[in-house]
2 protein chains.
Amino acid sequence: MPDASPSKMMTIGEVARIAGLPTKTVRYYADIGLVAPEGRSATGYRLYDAAALRRLVFIRRARAFGFSIEECRELLLLYDDQQRSSADVKRLASAHVAALDRQMQELSALRDELAHLVASCHGDGRPDCPILSGLAGSSPNASPGASIGENDQGA
Amino acid sequence: MPDASPSKMMTIGEVARIAGLPTKTVRYYADIGLVAPEGRSATGYRLYDAAALRRLVFIRRARAFGFSIEECRELLLLYDDQQRSSADVKRLASAHVAALDRQMQELSALRDELAHLVASCHGDGRPDCPILSGLAGSSPNASPGASIGENDQGA
DNA sequence: GCTTGACCTTCCCCCAACTGGAACCAGTAT
DNA sequence: ATACTGGTTCCAGTTGGGGGAAGGTCAAGC
């Protein structure tokens, strides 16, 4: 195997700059075991190789897609696993799309109800305001984003 | 004024149950000075009256609409202020609707890009997966939710 | 050799908005 | 007296890092 080239090592600042992440974040990912550096220099500096850089970019992009750190961890396992089937990945990603859909639906309902209150407010110098009345509960609909409020109140 | 009736006092559990909030949350709101109890019993119990209950309900609903605690604080000031103009309230609420719109737009863009990746994945037992490739960066579009990723990386 | 400045290390505290738990009182029923 | 429920305090943890202090390192310039 001619693959004995040690692939240029980078310090944390270097790899962070290239990956497009704050240095603090790269250090954090190392702390939580998401992307470990290839090793340490004699003086304790974290040293990253090209493979680690790829993982960091992967995570930055997955995070930008709204995946949580734990989901990223799972995606990285699949990313590293040469035996994984694309069905596993598709299942995870599909679930995430569904979650985004749910989130958008909730936001949309909220937005429309609030916009309705805003539209019903004359918005001049007079003190009476349908928005505040609506929030106070004298409005027809009693609880807007029920799935967000989720008040179990301990019981 | 015949309004000398001391309006039945409630313990924290009672008022929390009626307001539809967890007891812990009501105590938290008292701690951060959002809704102070009317007073304390001789033995130190927080005691709430009907006015405090109304404020708690108001906050629960405003929170369900996605207002932050600080926004709730501001809304409460307006709610309490008999001199405020409805224009102030409308401005705050309109800004919140706009924020919700922005948030939904970002989510929508994310959702569509991810759904596109999912659609392009055959999802069978084979290991090659366009979703992972897309996340790794070999995909045409380099950075999905640019406004969410916002990587300044310190510098 | 010495200094300067950029970069690295660890450590701890901070953010929102709570939630859970421990240890300890208060009030009521049996 | 005891059991049970519900109140009180404080402390720690959650997500995903950010800010900054105190101190070690590295390359360049004089």
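Residue numbering restarts at 1 for every chain, and letters A, B, ... go by the order of the sequence lines. The figures that follow rest on heavy atoms only: side chains count, while hydrogens, waters and symmetry mates do not. Computed from a predicted structure; not experimentally measured.
- The main-chain N or O of A/C129 is found under 3.5 Å from a side-chain atom of A/S133 such that the two form a donor-acceptor pair.
- Rounding to whole angstrom units, CD of residue A/E14 and C1' of D/dA27 are separated by 14 Å.
- Listed pair A/Y45 / D/dG24 fails the phosphate criterion, with no side-chain N or O lying under 4.0 Å from OP1 or OP2.
- Residue contacts for B/S68: at a heavy-atom cut-off of 4.0 Å it reaches the sugar-phosphate backbone alone, with no base atom in range.
- Hydrophobic cluster membership differs between B/Y45 and B/M10, with clusters built from Ile, Leu, Val, Met, Phe, Trp and Tyr side chains linked at under 4.5 angstrom.
- Spacing between atom CD1 of B/I59 and atom C1' of C/dA17 amounts to 13 Å, rounded to whole angstrom units.
- Between A/R27 atom CZ and D/dG19 atom P the separation is 13 Å, expressed in whole Å.
- Distances shorter than 4.0 Å separate some side-chain N or O of B/T43 from OP1 or OP2 on C/dG27.
- Residue B/R46 contributes atom CZ, which lies 14 Å from atom C1' of C/dC25 at whole-angstrom precision.
- Panel note: side chain B/R63, backbone B/F67; a donor-acceptor pair is recorded below 3.5 Å.
- For the helix from C/dG1-D/dC30 to C/dT30-D/dA1, the rotation axes defined at the first and last 5 base pairs enclose an angle of 40°, given to the nearest 10°.
- C/dC7 atom C1' lies 18 Å from atom CE of A/M9, rounded to whole Å.
- Summarising the geometry, the separation between CD1 on B/I69 and P on C/dC18 is reported as 5 Å, rounded to the nearest angstrom.
- For the pair A/D31 CG and D/dG18 C1', the computed distance is 14 Å after rounding to whole Å.
- Under the 4.0 Å criterion applied to side-chain N and carboxylate O atoms, B/D101 and A/R111 are assigned as salt-bridge partners.
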Any protein N or O atoms within reach of nucleotides 19-22 of chain C? Criterion: under 3.5 Å, listing atom names and distances.
from	atom 1	to	atom 2	distance (Å)
C/dT19	OP2	B/T25	OG1	2.7
C/dG20	N7	B/K24	NZ	3.0
C/dG20	O6	B/K24	NZ	3.0
C/dG21	O6	B/K24	NZ	2.5

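- For the salt bridge (charged side-chain N to carboxylate O under 4.0 Å, His left out) criterion with B/D88, the lone passing option out of B/R84, B/K90, B/R91 is B/R91.
- Summarising the geometry, the separation between CD1 on B/I12 and C1' on D/dT5 is reported as 15 Å, rounded to the nearest angstrom.
- The backbone N or O of A/S68 sits less than 3.5 Å from a side-chain atom of A/E71, completing a donor-acceptor pair.
- OP1 or OP2 of D/dT9 lies within a sub-4.0 Å distance of a side-chain N or O belonging to B/R40.
- Without hydrogens or angle criteria, B/R55 side chain to B/L76 main chain gives no donor-acceptor distance under 3.5 Å.
- The pair A/E14-A/K8 counts as a salt bridge, with a side-chain nitrogen and a carboxylate oxygen less than 4.0 angstrom apart.
- When each of B/E70 and A/G44 is assigned the nucleotide of DNA chain C bearing its nearest heavy atom, the one mapping closer to the 5' terminus is A/G44.
- When heavy atoms are screened at a 4.0 angstrom cut-off, B/S41 is found touching no nucleic acid atom at all.
- Annotation: side-chain hydrogen bond (donor to acceptor under 3.5 Å, both in side chains) contacts of B/R73 (sequence neighbours excluded): B/E70.
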